[in-house]
Amino acid sequence: MNNYSDGEAFGRVNLMGEHLDYNQGCVIPLQINKSVNVYLKKDTTIEGIKIKSENFDQEIFTSVSNKKMNDWTDFIKGSLYLFGKKYNLNIKQLCIEVKSNLPIGIGVSSSAAVTVSTLKALCSLYNKEIKNSELVELAHSVEQDFVEVAGGVMDQFASIYGSQNQALFLDTKSNNYDLIKLSEDYIFFIIDSGKQRILTDGSLNQKRQYCKKISSKLNIENLCILDELDDHHKKILTNEELDIAKHVVYENQRSKLGKIALVENDLKKFGSLMTQSHNSLRDLYKVSTSELDLLVELCNTFGSLGSKLTGAGFGGAIVTLIKKELVEDLKMFIIENYPNAKFL
Ligand code: GLA
């Protein structure tokens, strides 16, 4: 688009390490080839901010302030507000257009992509050079402090440092990361259950609060400090708390084993860890749905090496690890058994 400053940011699928980034654990996201583009232009014919989105078929007039509206524009408003604050700018008379082929609300990080692309476009419009680490921090702050969704840093990190043919292993305690090359014969294939989830509904915040409470009961900084749960921990926690703690502690182990499996190209092992992760999200962390469970089961029955829900859960999509040459047959099998499925 002529005369516009633009920013692009890609979504991600998370291969391993679910609900660990706000527990300072290890995660393995992979960028996907679907993105959000945000275009910005000065427009002196308006006083405030005009936001247009093809996807929502909406045009919204607003101004930059610290107030959220509890709708999809909050990630843009939060970006404008915190960017303005960081660089001491009075942001106004701005026309914003959003274009995206990244599905919303299915667990492939559309919120972080909107935020990161808006911040990139703002950097370009206002000629600001920002380090990647600062961009991650600013984007995360939009989500956590402005929109008040309490996820960790995984999505913003994956959008900024990630790659589409290398999995990103990220230790969210130190933010140290490695990129791991993936086999070309296999694919991490994403299947949408058709049931959207909305993260601003507080379910993620609740889980985070729960983890905090458990950590303080155990008198530790965070659950990922533990390598296992012993009798002492088991005595202190209720059964429900123990389940949550078990998921976090053993999911972190799975991420570390998953990294080794990917480096060694042992995809059978990685697939089996994916399915273990799903079962733990279903039975212990309790964020799966019957639709996600069915899709996982169908894929594994068909011949995937493993499958799991991706992102926060509560609906959305699954990711399955399968030989590339089997994907078309898998699609047919899924549609026969789950007609509402959509493929990414
Ligand atoms: C959401 C959050 C992430 C992460 C995942 C669960 O996508 O935005 O930070 O917590 O859920 O792994």
Side-chain angles (χ1 to χ4, degrees), residues 9-32 34 36 72 74-75 78 102-116 136-137 139-162 167-173 175 177 188 190 192 196-212 222-224 244 247-252 254-255 258 273-274 276-278 280-282 284-289 292 308-319:
F10 289 85
R12 62 100 189 99
V13 56
N14 189 25
L15 308 181
M16 192 72 65
E18 228 56 90
H19 292 276
L20 291 193
D21 57 352
Y22 53 86
N23 284 302
Q24 304 206 351
C26 300
V27 297
I28 316 186
L30 170 69
Q31 251 187 28
I32 59 173
K34 299 224 179 287
V36 175
W72 66 274
D74 279 344
F75 292 94
L102 183 65
I104 294 161
I106 69 160
V108 288
S109 188
S110 58
S111 315
V114 169
T115 309
V116 172
V136 169
E137 215 177 287
H140 185 235
S141 165
V142 169
E143 182 169 302
Q144 185 165 267
D145 306 324
F146 189 91
V147 187
E148 295 174 310
V149 176
V153 83
M154 168 171 74
D155 301 349
Q156 296 78 13
F157 207 99
S159 191
I160 292 161
Y161 287 91
L168 178 92
F169 177 86
L170 169 67
D171 181 344
T172 63
K173 187 174 171 61
N175 278 359
Y177 71 97
F188 287 101
I190 303 169
D192 175 12
Q196 270 205 4
R197 48 141 201 121
I198 308 286
L199 270 194
T200 41
D201 68 4
S203 5
L204 187 65
N205 293 5
Q206 251 177 29
K207 292 287 177 195
R208 187 177 182 148
Q209 284 308 327
Y210 221 81
C211 290
K212 259 194 175 164
N222 62 73
L223 281 167
C224 286
I244 297 276
H247 169 75
V248 174
V249 171
Y250 298 114
E251 181 80 350
N252 201 29
R254 279 189 287 273
S255 276
L273 291 166
M274 285 172 73
Q276 288 172 36
S277 165
H278 182 80
S280 174
L281 290 159
R282 180 192 64 202
L284 302 176
Y285 216 67
K286 299 196 167 53
V287 291
S288 190
T289 62
L292 296 171
K308 63 182 272 296
L309 69 82
T310 185
F314 313 105
I318 66 142
V319 54

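Atoms within each ligand, like the ligands themselves, are counted from 1 in listed order.
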Under 4.0 Å from one or more heavy atoms of His19, ligand 1 contributes atoms 6 (C), 12 (O)

Enumerated ligand 1 atoms positioned under 4.0 Å from heavy atoms of Tyr22: 10 (O)

Look at the rings of Phe157 and Tyr161 and say which category their plane angle falls in: under 30° parallel, 30 to 60° tilted, over 60° perpendicular. parallel

Numbering the atoms of ligand 1 from 1, which are under 4.0 Å from a heavy atom of Gly151? 9 (O)

Of the side chain and backbone of Arg12, name the one, both, or neither that has a heavy atom under 4.0 Å from an atom of ligand 1. side chain

Any idea which of Val153, Leu20, Val149, Asp21 brings a heavy atom closest to atom 4 (C) of ligand 1? Asp21

I'd like to check which ligand 1 atoms, numbered from 1 as shown, lie under 4.0 Å from a non-hydrogen atom of Glu143. 8 (O)

Is there side-chain contact between Trp72 and Ser110, with heavy atoms separated by less than 4.5 Å? no

Gly152 heavy atoms within 4.0 Å reach ligand 1 at atoms 9 (O)

Any N or O of Met154 closer than 3.5 Å to N or O of ligand 1: no

Given Glu251, His19, Glu18, His247, the one that forms side-chain hydrogen bond (donor to acceptor under 3.5 Å, both in side chains) with Ser280: His247

List ligand 1 atoms under 4.0 Å from Glu18, heavy atoms only on the residue side. 6 (C), 12 (O)

